[in-house]
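Report on one structure; see the data block that follows.
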Amino acid sequence: MKNFADLTEREVLAVAISSEEEDSRIYMTFAEDLAERYPDSAKVFEEMAEEERGHRHRLLELYEKRFGTHLPPIRREDVKGFLRRRPIWLTKNLPLDTIRKEAETMELQAEQFYIKAAEQAEDVGVRRLLGDLAEEEKGHEKLAIKLTGEILKPDVRAEEDRTRRRMFVLQYVQPGLAGLMDGSVSTLAPLFAAAFATHQNWQTFLVGLAASIGAGISMGFAEALSDDGSLTGRGSPWLRGLTCGLMTTLGGIGHTLPYLVPDSWPNAFWIATAIACIIVFFELWAIAFIRARYMDTPFLQAVFQIVLGGAIVLAVGIAIGAA
């Protein structure tokens, strides 16, 4: 790799040309990714891509006047200390805010490159163009604001906010809630069956811990392998799987922890069981509330499904353990 300070004017222009071309393609990729979910924001990135193509054209014209038509095969990856871009554009269904922040970072990095390149340029024409491009890159944030103001009207913003909420629900709330429901409800029967069968807190804790972790692993893999998110828009499968697995484990651990009450305490089993039942009560009502809040489920229906269902599972576990 070459040091930036060692680049000739020809190489600086060649790097700038390839960078503008790549940035234009990145913006168009963002636009294509946003087209279905946020069509009006996609137009903003199409405009940004057009701006980058204009920069490339001006750089190429100057390069051909000074050095001819052949471009040396040098890119920013070949220059030490040059701006590095995270390849997030290879990921589909990125959140809109993530894409906008990445675009802001790209423009800031491009501005710094042109400022530094203009400082070491010896030719007046090259220095002038690089300085102009630095100012234009600096103004790109204002362009984005201007385009956002022109294209993203209040009703469009409201629609995009609704879409963003749906994406949040699909990518995070839904797998997390599924895990929390499974962890909280499915571990009730084995935990309380072990509790009433043994009346030993430590043994019950081990059963609950195993059930919680086992359910978390199972649910995590099931969610991750259910779909890759490319068609459903549900985002990264492994992120969903991790979210689901962790929430499943958390749901089971909550009412397992009370059984850490030492068996040496007086009435230790009943103390732990009472605390566990209180935790189960709040867990089930919290899940019902989240389901009603984010999944557009009527609250009474959510209560019937979650609270009543959980109470039945709890009773079955106690009945089996006490048999």
Side-chain angles (χ1 to χ4, degrees), residues 15-60 71 75-77 82-111 113 133 136-175 224 226-241 243:
V15 170
I17 290 168
S18 66
S19 298
E20 293 288 356
E21 182 178 359
E22 182 179 0
D23 286 353
S24 175
R25 293 201 302 269
I26 291 171
Y27 286 140
M28 283 305 301
T29 300
F30 286 158
E32 291 176 359
D33 187 28
L34 294 171
E36 291 187 7
R37 297 178 290 153
Y38 308 106
D40 293 276
S41 284
K43 295 177 183 177
V44 174
F45 287 99
E46 288 176 2
E47 294 279 357
M48 299 290 283
E50 185 61 33
E51 283 282 317
E52 300 303 304
R53 283 193 288 269
H55 290 180
R56 179 183 180 280
H57 181 70
R58 290 159 60 188
L59 286 164
L60 195 57
L71 283 169
R75 302 173 301 170
R76 51 186 162 206
E77 291 82 2
F82 199 84
L83 60 159
R84 291 288 180 264
R85 301 281 166 80
R86 299 178 301 154
I88 67 166
W89 43 87
L90 299 179
T91 304
K92 296 296 184 183
N93 300 314
L94 284 170
L96 179 58
D97 288 339
T98 299
I99 293 178
R100 284 176 173 165
K101 288 177 182 178
E102 185 66 20
E104 291 176 7
T105 301
M106 289 170 61
E107 296 303 329
L108 177 61
Q109 291 175 333
E111 176 195 350
F113 164 69
L133 291 177
E136 291 179 22
E137 296 290 353
K138 185 177 181 180
H140 268 193
E141 183 176 355
K142 296 180 181 178
L143 171 64
I145 294 174
K146 175 176 177 289
L147 291 171
T148 301
E150 291 176 352
I151 296 174
L152 303 184
K153 304 301 181 184
D155 57 334
V156 175
R157 285 181 179 274
E159 178 59 31
E160 291 199 348
D161 288 341
R162 287 192 292 270
T163 302
R164 186 182 295 111
R165 183 178 183 276
R166 288 196 296 270
M167 298 302 296
F168 174 75
V169 169
L170 281 173
Q171 295 177 3
Y172 300 102
V173 176
Q174 189 179 71
S226 61
D227 70 80
D228 62 5
S230 59
L231 296 178
T232 60
R234 299 181 66 209
S236 168
W238 295 111
L239 179 59
R240 293 196 329 270
T243 301

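Residue numbers count from 1 along this sequence. What you are looking at is a predicted structure, and each value in this text was computed from that prediction instead of being measured.
Side-chain contact between M28 and R25 is absent, with no heavy atoms from C-beta onward closer than 4.5 Å. By the 4.5 Å heavy-atom criterion applied to side chains, L59 and L133 are counted as neighbours.
At a cut-off of 3.5 Å, with distance as the only test, no side-chain donor of R75 or S18 sits close to an acceptor on the other residue.
Taking each heavy atom of P175 and R240 in turn, the nearest pair found is CB-O, 3.8 Å. Closest non-hydrogen pair, S24 versus A49, comes out as OG-O, 3.2 Å. Here the closest non-hydrogen pair linking R53 and E46 is NH2-O, 4.5 Å.
Note on ring orientation: taking the six-membered ring where Trp is involved, the planes of F45 and F30 are perpendicular (angle over 60°, cut-offs 30° and 60°).
With rounding to the nearest 0.5 Å, the separation of OG1 in T29 from CG in L34 is 10.5 Å.
Looking at E21, E51, E20 one by one, the single match for salt bridge (charged side-chain N to carboxylate O under 4.0 Å, His left out) with R56 turns out to be E21.
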